[in-house]
Amino acid sequence: DAALCHLLKALSTCTSYALSHQSATQTTPKKRIFGVAKTLLIAKNNLFRVHSFWDLVNSHLCMVASSQLLDVRAIGLDSIAQLVLEALTVCREDDHLEKRLLQPLKSLHNSPHTDVREGVLRSILQVLQGHGQSLTEG
């Protein structure tokens, strides 16, 4: 788990650097979101141990979803929605984890960006449609 957490921290640093050191016109979206794409892939493949890395992934993706760049925010929101839905499917038995998994949606709901708030509402709708009957907390 330690190696996984180190890798996820490095990807977060990579994303943070790419977003802070290059403007929207200087780099392609693909280069800006390399860290996000790899984080999403790694997280999906390690959902069985989501307890150990969720806070890292949560902070990374919330940072991306709070970006000043519209296309980057959209990618961050989509990544959060995908991970929350898949993690809720894999981790149905853990009530405490439910609350942690839904935390990014709660924190992003207060975003100053309208597109983020709308994306959060769409994600909550997806969660309710897919898992509403089994949610117990959050």
Quiz item: Shortest non-hydrogen contact from Val127 to Leu105?
Solution: CG2-CD1, 4.4 Å
Practice problem: Could you grab the distance from atom CG of Leu56 to atom CG of Leu61, nearest 0.5 Å is fine? | Solution: 10.5 Å
Quiz item: Once you round to the nearest 0.5 Å, how far does CZ of Arg117 lie from CG of Asn110?
Solution: 9.0 Å
Quiz item: What are the two closest heavy atoms between Val116 and Leu77, and how far apart are they?
Solution: CA-CD1, 3.5 Å
Quiz item: Just wondering, do Met63 and His60 contact through their side chains at under 4.5 Å, heavy atoms?
Solution: yes
Exercise. For Lys9, enumerate each residue passing the salt bridge (Lys or Arg N to Asp or Glu O under 4.0 Å) test, keeping only those at least two apart in sequence or located in another chain.
Key: none
Exercise. Establish whether Leu41 and Phe34 are linked, either directly or via other cluster members, by ILVMFWY side-chain heavy-atom contacts under 4.5 Å.
Key: no
Quiz item: Would you say the side chain of Ile42 lies within less than 4.5 Å of the side chain of Leu11, judging by non-hydrogen atoms?
Solution: yes
Exercise. For the residue pair Val120 and Lys106, establish whether any side-chain heavy-atom pair is separated by less than 4.5 Å.
Key: no
Practice problem: Check whether Val64 and Leu70 end up in the same hydrophobic cluster, where Ile, Leu, Val, Met, Phe, Trp and Tyr are linked by side-chain heavy atoms less than 4.5 Å apart. | Solution: no
Quiz item: Are the side chains of Leu135 and Leu128 in touch, meaning some heavy atoms are under 4.5 Å apart?
Solution: yes
Quiz item: Can you tell me how far CD of Gln129 sits from CD1 of Ile124, rounded to the nearest 0.5 angstrom?
Solution: 12.5 Å
Quiz prompt | For the student: nearest non-hydrogen atoms of Cys62 and Ile80, plus distance | solution = N-CD1, 4.1 Å
Quiz item: Got more than 12 heavy atoms from elsewhere within 6.0 Å of NZ, Lys44?
Solution: yes
Practice problem: Give the minimum heavy-atom separation between Thr15 and Gly35, together with the two atoms involved. | Solution: OG1-CA, 3.2 Å
Practice problem: Just jot down the salt bridge (Lys or Arg N to Asp or Glu O under 4.0 Å) partners of Glu118, sequence neighbours excluded, or say none. | Solution: none
Exercise. Output yes when a side-chain donor or acceptor of Asn58 lies under 3.5 Å from a complementary backbone atom of Trp54, and no otherwise.
Key: no
Quiz prompt | Main-chain N/O of Ser12 paired with Ser16 side-chain donor or acceptor, under 3.5 Å | solution = no
Quiz item: Is the shortest heavy-atom distance from the side chain of Val90 to the side chain of Val50 under 4.5 Å?
Solution: no
Quiz item: Got a second to check how far Leu69's CG is from Ile33's CD1, nearest 0.5 Å?
Solution: 12.0 Å
Quiz prompt | CG-NZ distance between Leu40 and Lys38, expressed to the nearest 0.5 angstrom | solution = 10.5 Å
Quiz prompt | Interatomic spacing from NE2 in His51 to CG in Asp1 - rounded to 0.5 Å | solution = 11.0 Å
Exercise. Could you tell me whether the side chain of Arg49 reaches within less than 4.5 Å of the side chain of Leu4, counting heavy atoms only?
Key: yes
Quiz prompt | Closest heavy-atom pair and its distance - Ala81, Ser123 | solution = CB-OG, 3.4 Å
Self-check item: Under 3.5 Å donor-acceptor, Arg73 side chain and Gln68 backbone
Solution: yes
Quiz item: Glu98 and Leu88: which non-hydrogen atoms are nearest, and at how many Å?
Solution: CG-CD2, 3.9 Å
